[in-house]
Amino acid sequence: MKKSPLDAEKALVRLEELCARSEQCSWDLKEKLRRWKVEPPYEPIIESLSERGFVNDERFARAYVRDKYRFDRWGRLKIAKGLIAKRIDRNTIDIAMREIIARDYALNCFNLLKAKRKSLSPELSSYEMKQKMLRFAAARGYEPNLVIRLLDNEKIWD
């Protein structure tokens with residue numbers, strides 16, 4: 001059974017409830033409006049939510065960076081790509097990335113590499129281990145130069 005399209009007022013109320021529960025970005029809200037088959041234009045609805053503080057892309061970007069960095073342990077590259085996919089502008093991404101503390105960031109990567117090292121087979125050559133660890137960290141969004149520098153640290157291999 002297909003759902004009938006929502007009118008703009010009902011959609012606004014649903015979006016207000018959604019935004020009150022969790023941070024949302026304006027692009028996600030526009031996508032929801034499209035899925036709900038609300039008649040365009042969507043900008044007045046988004047502007048109304050923005051003016052009343054329900055949606056703020058910078059606030060969303062900061063929360064996204066904090067969550068992905070702290071809980072998912074993603075690197076800067078993967079976080080930035082996630083924000084770009086959400087249509088967040090570059091200046092806002094740069095501002096949000098300031099949430100990451102450089103020392104904690106490197107320590108996060110170090111701990112991930114150390115855990116990955118323990119999960120690898122001891123029969124692998126050091127070259128193969130480094131390659132696997134480098135690919136692992138790159139998939140998590142960490143910069144290759146940081147990973148290589150950390151792989152040269154002897155504490156990883158203890």
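What you see below is based on every heavy atom in this structure, not just the backbone, and it leaves out hydrogens, waters and symmetry mates. Numbering starts at 1 and runs along the sequence shown.
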Using side chain to side chain donor-acceptor pair (under 3.5 Å) as the criterion, list what pairs up with K116, not counting sequence neighbours. none
Using a 4.5 Å cut-off on heavy atoms from C-beta on, say whether the side chain of K10 contacts that of W36. no
Under the ring pair (Phe, Tyr, Trp, His ring centres under 6.0 Å) rule, what pairs show up with a residue in residues 58-80, not counting sequence neighbours? F60-Y64
NZ (K114) and CG (L107) are apart, to the nearest 0.5 Å, by 11.5 Å
Using salt bridge (charged side-chain N to carboxylate O under 4.0 Å, His left out) as the criterion, list what pairs up with K68, not counting sequence neighbours. D72
Would a 4.5 Å heavy-atom cut-off, applied to side chains only, mark V55 and C25 as touching? no
Taking only residues two or more places apart in sequence or in another chain, which ones pass side chain to side chain contact (heavy atoms under 4.5 Å, CB included) with E123? S121
According to side chain to side chain donor-acceptor pair (under 3.5 Å), who are the partners of D67, at least two apart in sequence or on a separate chain? none
Reported CG-to-CD distance for the pair N56 and E51, which is rounded to 0.5 angstrom: 12.5 Å
Walk me through whether N145 and I148 qualify under side-chain contact (heavy atoms from CB on, under 4.5 Å). CA-CA 5 Å; N145 59 353; I148 291 168; 5.8 Å; no
Please report the closest heavy-atom contact between M129 and P122, naming both atoms and the distance. CE-CA, 4.1 Å
Expected list for residues 40-48: side-chain donor-acceptor pairs under 3.5 angstrom, two or more places apart:
residue	atom	partner	partner atom	Å
Y42	OH	V38	O	3.1
S48	OG	R52	NE	3.4
S48	OG	R52	NH2	3.2

How long is the straight-line distance from CG of L29 back to CG of L18, given to the nearest 0.5 Å? 6.5 Å
F136 side chain near V147 side chain, heavy-atom distance below 4.5 Å: no
Locate the shortest heavy-atom distance separating W27 from R87; write the atom from each residue and the value. CD1-CG, 3.1 Å
Is there a chain of hydrophobic side chains (I, L, V, M, F, W, Y, each step under 4.5 Å between heavy atoms) that links L77 to L134? no
My understanding is that only residues two or more places apart in sequence, or in another chain, count here; which of them pass side chain to side chain contact (heavy atoms under 4.5 Å, CB included) with S126? none
Quick note, ring pair (Phe, Tyr, Trp, His ring centres under 6.0 Å) partners involving residues 77-104, not counting sequence neighbours, are none
Verify the neighbour count for atom NZ of K78: are there more than 12 heavy atoms of other residues, nucleotides or ligands below 6.0 Å? yes
Determine whether a donor-acceptor pair (N or O, by modelled atom type, separation under 3.5 Å) exists between the side chain of K155 and the backbone of L150. no
Just to verify, what does R34 make a side chain to side chain donor-acceptor pair (under 3.5 Å) with, not counting sequence neighbours? E31
Euclidean distance, L49 CG relative to C19 SG, rounded to 0.5 Å: 5.5 Å
Reported CG-to-NZ distance for the pair L120 and K132, which is rounded to 0.5 angstrom: 7.0 Å
Taking salt bridge (charged side-chain N to carboxylate O under 4.0 Å, His left out) as the definition, give me every residue that meets it alongside R70, ordered by chain and number, with sequence neighbours left out. none
Is the shortest side-chain heavy-atom distance between M133 and I156 below 4.5 Å? yes
What distance separates L33 CG from E39 CD, expressed to the nearest 0.5 Å? 11.5 Å
Under 3.5 Å, side-chain donor or acceptor atoms of residues 93-106 against the rest of the protein: list the pairs with distances, not counting sequence neighbours.
residue	atom	partner	partner atom	Å
E99	OE1	R66	NH1	3.1
E99	OE2	R62	NH1	2.7
Y105	OH	R76	N	2.8
Y105	OH	E143	OE1	2.7
Y105	OH	E143	OE2	3.3

Residues in side chain to side chain donor-acceptor pair (under 3.5 Å) with R73, at least two apart? N108
Do the non-hydrogen side-chain atoms of S22 and Q24 ever get within less than 4.5 Å of each other? yes
State whether the side chain of D57 and the backbone N or O of S26 hold a donor-acceptor pair below 3.5 Å, judged by distance alone. yes
Dump the intermediate steps for side-chain contact (heavy atoms from CB on, under 4.5 Å) on Y142 and L112, then the final yes or no. CA-CA 10 Å; Y142 287 93; L112 280 172; 3.5 Å; yes
